[in-house]
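All residue numbers refer to positions in the sequence shown, counting from 1. Just so you know, ligand 1 is whichever comes first in the structure, and atom 1 is the first atom listed for that ligand.
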Amino acid sequence: MKKVLIIFGTRPEAIKLCSIILALKKEKTINTKICITAQHRSMLDEVLKTFNICPDYDLNIMQESQDLFSISINVLSKLKPVLEEFAPDLILVHGDTTTTFMAALAGFYFKIKIAHIEAGLRTFDKYNPFPEELNRQLTTRLSTYHFAPTKLAYDNLILDGVKKSNIKIVGNSVIDALKLMLEKIKSNRDLEKDILSSLNLSFCITNTKFILVTAHRRESFGIDIENIANAIKQIALHLPNVHIVYPLHLNPNIQIPMRKILGGLSNIHLIEPLNYEKFVYLMNKSYIILTDSGGIQEEATYLHKPTFILRNTTERTEALSCKTLRLVGTNKEKIINAVLEIFNNDKIYKKMSNPKNPLVFGDGQSAKKIVQFIKKI
Ligand code: UD1
Ligand code: UDP
């Protein structure tokens with residue numbers, strides 16, 4: 001029987017892999033095992049709980065304020081005995097985290113074939129996003145099979161010299177996860193009530209305009225994060241009837257400056273990271289989104305949500321031509337102006353909430369296509 005090991009470590013990897021794990025587990029001819037590095041702990045565990053996924057191996061590497069060296073060293077050294085014990089025929093990794101790159105490297109050292117999901121996204125700027133751009137490029141070099149979400153990603157892989165027959169365009173599996181969650185919420189009125197009561201926000205989500213915010217990128221730590229925080233503060237002061245909901249990433253580099261600058265304002269709600277159910281619910285009800293997240297750019301396009309990207313580059317350029325997303329960077333004035341403009345101009349709002357191709361990142365069928373391909377390997 002073919003042995004497949006899926007290795008991942010952070011919240012977004014888990015969300016984007018859940019549909020693939022569930023589909024692979026149903027295949028009787030494949031022995032699928034799951035190894036989490038737990039580069040994230042509680043944020044990862046929340047996703048595993050939501051999708052009822054039970055790992056076979058848990059490397060449990062997360063440390064408070066970890067750096068790239070400790071993540072890399074721990075993933076590599078702790079994976080060695082797992083790969084020796086299970087000896088998979090194929091390793092699946094996802095995206096661009098340090099777990100992704102190190103898991104691919106570990107597999108390469110044992111000459112195990114790697115399949116890379118969400119392959120081919122590029123900014124071509126080595127330090128932006130950092131270290132994700134290089135993590136993804138190097139994972140391409142280490143992988144044999146490449147699941148590209150879009151034609152643009154496919155073209156980037158061809159430019160990198162990857163063999164056509166080893167690439168499959170499958171869409172982005174985040175849309176599989178998003179659709180699953182939207183269905184779950186829609187089909188269960190009690191769940192919506194539970195979500196609303198557990199969010200416990202001081203305004204009525206269903207009839208108030210609110211802005212949903214997330215920010216966590218390493219290259220923004222320091223001055224750029226402070227600029228983003230000061231922009232959010234000014235927006236809250238300019239728009240006192242608008243609420244801003246911000247589930248703060250657990251990284252102390254985010255928690256400390258954001259709480260210091262944004263704490264105490266009555267229309268800013270700094271909350272804990274949300275489980276995927278609650279976050280999808282909030283995204284869907286939000287008026288606009290401000291984010292530096294990769295996954296949320298894809299989800300927002302599918303959900304028709306005007307979104308301002310708090311970064312200077314994006315590897316999801318398809319969304320820019322869709323018009324739902326705009327790059328605003330980390331300049332305080334630029335962020336404030338963009339947000340005030342959309343609140344004051346319905347035409348802009350309508351244009352941004354009406355994407356040319358909302359399915360540009362996928363239609364929810366990625367897991368099926370990936371499993372079909374893996375069965376033929
Ligand atoms: C990581 C990935 C990034 C991805 C992001 C998704 C790397 C280098 N970075 O960045 O590509 O976009 O995850 O969120 O791979 N923490 C907790 N509990 C958790 C998770 C994090 O306390 O469940 C805190 C810890 O103090 C930890 C810190 O956050 O040391 C940073 O975590 P880390 O994975 O290094 O970086 P992220 O910014 O989360
Ligand atoms: N997300 C979540 N809870 C939150 C914030 C985000 O479930 O409080 C989800 C979001 O819907 C998306 C993913 O987490 O699918 C994005 O993760 P993150 O921003 O950490 O990483 P990135 O996408 O930037 O790699």
Side-chain angles (χ1 to χ4, degrees), residues 8-19 36-51 60-72 74-75 93-103 118 121 129-136 139 172-182 199 212-221 225 245-256 269-284 286 289-300 302-303 305 307 309-311 314-316 361:
F8 57 100
T10 67
R11 170 174 68 190
E13 290 164 77
I15 290 171
K16 290 172 168 185
L17 282 166
C18 65
S19 61
I36 55 168
T37 65
Q39 175 180 333
H40 283 174
R41 190 69 270 176
S42 59
M43 285 163 58
L44 174 68
D45 292 342
E46 278 294 346
V47 184
L48 299 177
K49 199 164 91 191
T50 302
F51 290 99
N60 198 25
I61 67 152
M62 197 197 88
Q63 295 164 3
E64 168 106 12
S65 295
Q66 62 203 359
D67 64 20
L68 298 174
F69 290 87
S70 69
I71 306 172
S72 305
N74 286 322
V75 171
V93 295
H94 181 284
D96 60 5
T97 69
T98 296
T99 284
T100 313
F101 171 38
M102 284 301 126
E118 201 186 70
L121 281 68
F130 174 81
E132 289 82 1
E133 174 65 12
L134 255 274
N135 280 347
R136 205 188 290 270
T139 304
N172 197 307
S173 56
V174 77
I175 308 300
D176 297 29
L178 179 62
K179 283 179 82 171
L180 266 173
M181 215 35 69
L182 289 168
L199 280 169
L212 183 61
V213 181
T214 79
H216 70 82
R217 299 240 76 90
R218 248 187 177 76
E219 67 275 8
S220 301
F221 291 169
I225 285 295
V245 183
Y246 184 173
L248 284 176
H249 191 290
L250 293 175
N251 195 329
N253 290 295
I254 299 298
Q255 290 271 339
I256 296 166
H269 309 267
L270 300 178
I271 57 176
E272 293 299 304
L274 296 171
N275 74 19
Y276 195 52
E277 264 167 26
K278 292 181 200 166
F279 193 76
V280 166
Y281 183 80
L282 270 189
M283 269 196 294
N284 208 18
S286 66
I289 298 174
L290 304 187
T291 190
D292 63 7
S293 154
I296 297 172
Q297 293 177 48
E298 294 145 357
E299 292 164 333
Y302 182 84
L303 293 172
K305 287 291 163 192
T307 296
I309 309 169
L310 306 168
R311 293 171 50 180
T314 179
E315 55 291 84
R316 276 101 176 157
F361 292 114

Legend entry - Heavy-atom check, side chain of M283 versus side chain of L212, under 4.5 Å: yes

Legend entry - Residue and atom name of the nearest protein heavy atom (relative to atom 3 (C) of ligand 1), distance in Å to one decimal: E132 OE2, 3.1 Å

Legend entry - Atom pair CE (M62) and CG (L44), whose distance is rounded to the nearest 0.5 Å: 10.5 Å

Inset, instruction - Answer yes when R316 and E118 have at least one side-chain N-carboxylate O distance shorter than 4.0 Å, and no when they do not. - result: yes

Legend entry - Nitrogen or oxygen of T99 less than 3.5 angstrom from that of ligand 1: no

Inset, instruction - Between S293 and ligand 1, find which residue part has any heavy-atom pair under 4.0 Å and reply side chain, backbone, both or neither. - result: neither

Inset, instruction - Using a strict cut-off of less than 4.0 Å between a Lys/Arg side-chain nitrogen and an Asp/Glu carboxylate oxygen, indicate whether E132 and R217 qualify as a salt bridge. - result: yes

Legend entry - Salt-bridge contact R41-D45 (side-chain N to carboxylate O under 4.0 Å): yes

Legend entry - Per-ligand residue contacts, ligand 2, heavy-atom threshold under 4.0 Å: R11, P12, I15, H216, R217, P247, P273, L274, Y276, F279, M283, S293, G294, G295, I296, E299

Inset, instruction - Kindly identify the option in T37, T97, I71, T98 whose heavy atom sits closest to atom 8 (C) of ligand 1. - result: T98

Legend entry - Rounded distance (nearest 0.5 Å) linking atom CG of L199 with atom CD1 of I271: 6.0 Å

Legend entry - Any donor-acceptor pair under 3.5 Å from K305 side chain to I289 backbone: no

Inset, instruction - Using a strict cut-off of 4.0 Å, indicate which atoms of ligand 1 neighbour a heavy atom of L68. - result: 8 (C)

Legend entry - Nearest atoms (heavy-atom pairs only) where T214 meets L310: O-CD1, 4.1 Å

Legend entry - Proximity to ligand 1 by part of P252, non-hydrogen separation under 4.0 Å: side chain

Inset, instruction - Heavy-atom distances under 4.0 Å are what count here, so tell me which part of M43 touches ligand 1: side chain, backbone, both or neither. - result: both

Inset, instruction - Among all protein heavy atoms, pick out the one at the shortest distance from atom 38 (O) of ligand 1; state its residue, atom name and that distance to 0.1 Å. - result: N251 ND2, 3.6 Å

Legend entry - Check: N135 N/O within less than 3.5 Å of ligand 1 N/O: no

Legend entry - Region of S42 engaging ligand 1 - heavy atom pairs below 4.0 Å: both

Legend entry - Polar atom proximity, Q63 to ligand 1 (N or O, under 3.5 Å): yes

Inset, instruction - Would you kindly say whether S72 and T98 are connected by a side-chain donor-acceptor distance under 3.5 Å? - result: no

Legend entry - atom 39 (O) of ligand 1 - nearest protein heavy atom and its distance: H40 NE2, 2.6 Å

Inset, instruction - For T37 and T99, test the side chains for any donor-to-acceptor distance below 3.5 angstrom and give the result as yes or no. - result: yes

Legend entry - Polar atom proximity, R217 to ligand 1 (N or O, under 3.5 Å): yes

Inset, instruction - Determine the minimum heavy-atom distance between L121 and R136, stating which atoms define it. - result: O-CD, 3.2 Å

Inset, instruction - Nearest heavy atom to atom 33 (P) of ligand 1 wins, so pick from M102, Q66, E46. - result: Q66

Legend entry - Nearest-neighbour protein heavy atom for atom 4 (C) of ligand 1, which is reported as residue plus atom name and distance: H216 CE1, 3.8 Å

Inset, instruction - Determine the minimum heavy-atom distance between A300 and T307, stating which atoms define it. - result: CB-OG1, 3.1 Å

Inset, instruction - Output yes when the distance from some N or O of ligand 1 to some N or O of P131 is under 3.5 Å, and no in every other case. - result: no

Inset, instruction - Look at E46 together with K278 and state whether they make a salt bridge at an N to O cut-off of under 4.0 Å. - result: no

Legend entry - Of the listed options R136, Q39, R41, M62, closest to atom 22 (O) of ligand 1 (non-hydrogen atoms): M62

Inset, instruction - Could you tell me whether some N/O pair between H249 and ligand 1 is separated by less than 3.5 angstrom? - result: yes

